Amino acid sequence: FCCRDQSKMDETQKVLQYLTEVEEAAEDVLADKQQIVDLDVKRNRNREALAALHRDRDEADKVKVCFGNMFIKLPRTTTKQMIQKDQEQLDKEINDLRKRLKAKVNRLNELQGKPELTGYNLSPLSTEELKSINKILGR
């Protein structure tokens, strides 16, 4: 009777540990997805700012830029360079998160006993690869 109770407790512990692992993996996936969304919102704001700088070229040589809770007047070219640099950093962070997310989703599926997603590890062609293909196709 004593051994059977111990066996049930061990089994309960294993189930609890399994559920905890699945929950932690799922929370990790959701956190990364939310971070991608947040970074993408920031990237879209930067795009809008760059478009506004491009659209309003005939106005003053300096523009007001918001840093935290204050506005600072900066040269238009400096502002544009800062935003473009920020865009590059955001693109890199989003791509890194997406790569890590794929591995985390696969880990979660593995924990849940689901098959690995097929076609999920595809990545788009780089600009150089696309140019090479178009050159071969004669476009």
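Note that this is a predicted model, so its numbers are computed, not measured. Both backbone and side-chain heavy atoms feed into the values below; hydrogens, waters and symmetry mates do not.
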One thing to verify: whether K104 and D28 come together as a salt bridge, which I'm taking to mean a side-chain N less than 4.0 angstrom from a carboxylate O. yes
Side-chain donor or acceptor of N95 paired with backbone N/O of D91 under 3.5 Å: yes
Side chains of N106 and E110 only: does a donor on one sit below 3.5 Å from an acceptor on the other? no
Please step through side-chain contact (heavy atoms from CB on, under 4.5 Å) for the pair K42 and D86, ending with a clear verdict. CA-CA 10 Å; K42 188 174 180 182; D86 194 34; 3.7 Å; yes
Has Y18 got a side-chain atom pairing as donor or acceptor with L111's backbone, closer than 3.5 angstrom? yes
Is the side chain of E129 donor-acceptor paired with the backbone N or O of S126 at a distance under 3.5 Å, no angle test? yes
Chi angles and distances behind the side-chain contact (heavy atoms from CB on, under 4.5 Å) call for K135, K131: CA-CA 6 Å; K135 190 175 182 181; K131 285 179 183 176; over 6 Å; no
Taking atom CG of L39 and atom NZ of K92, what is their separation to the nearest 0.5 Å? 12.0 Å
So, for L108 and A26, which heavy atoms are closest and what is the spacing to 0.1 Å? CD1-N, 3.8 Å
Side-chain heavy atoms nearer than 4.5 Å, only ILVMFWY residues, links allowed to pass through others: does that put L97 and V37 together? no
Under a 3.5 Å distance rule, please check whether S132 uses its side chain to pair with a backbone N or O of E128 as donor and acceptor. yes
Under a 3.5 Å threshold, yes or no: a donor from one side chain and an acceptor from the other, between R47 and N44? yes
Verdict with supporting geometry, K64 and I72, side-chain contact (heavy atoms from CB on, under 4.5 Å): CA-CA 5 Å; K64 292 180 184 175; I72 301 173; over 6 Å; no
Does the pair R100/D96 count as a salt bridge with the N-to-O cut at 4.0 Å? no
Which heavy atom in R76 sits nearest to a heavy atom in L53, and how many Å separate them? NH1-O, 3.1 Å
Any donor-acceptor N/O pair, R107 side chain to A25 backbone, under 3.5 Å: no
Please tell me if the side chains of Q13 and Q17 come closer than 4.5 Å, counting only heavy atoms from C-beta onward. no
Can you tell me how far apart CG (L90) and CD (Q87) are? Round to the nearest 0.5 Å. 6.0 Å
Work out which heavy atom in G68 is nearest to a heavy atom in C66; give both atom names and the distance. O-SG, 3.4 Å
L101 and V29 have their tightest heavy-atom pair at CD1-O, 3.7 Å
Got L74 and K62 here, is their nearest side-chain heavy-atom distance under 4.5 Å? no
If you round to the nearest 0.5 Å, how far is CG of L50 from CZ of R55? 11.0 Å
Show your working on side-chain contact (heavy atoms from CB on, under 4.5 Å) between R43 and N46 and close with a plain yes or no. CA-CA 5 Å; R43 187 169 59 171; N46 282 352; 5.6 Å; no
If you round to the nearest 0.5 Å, how far is OG1 of T77 from CE of M82? 11.0 Å
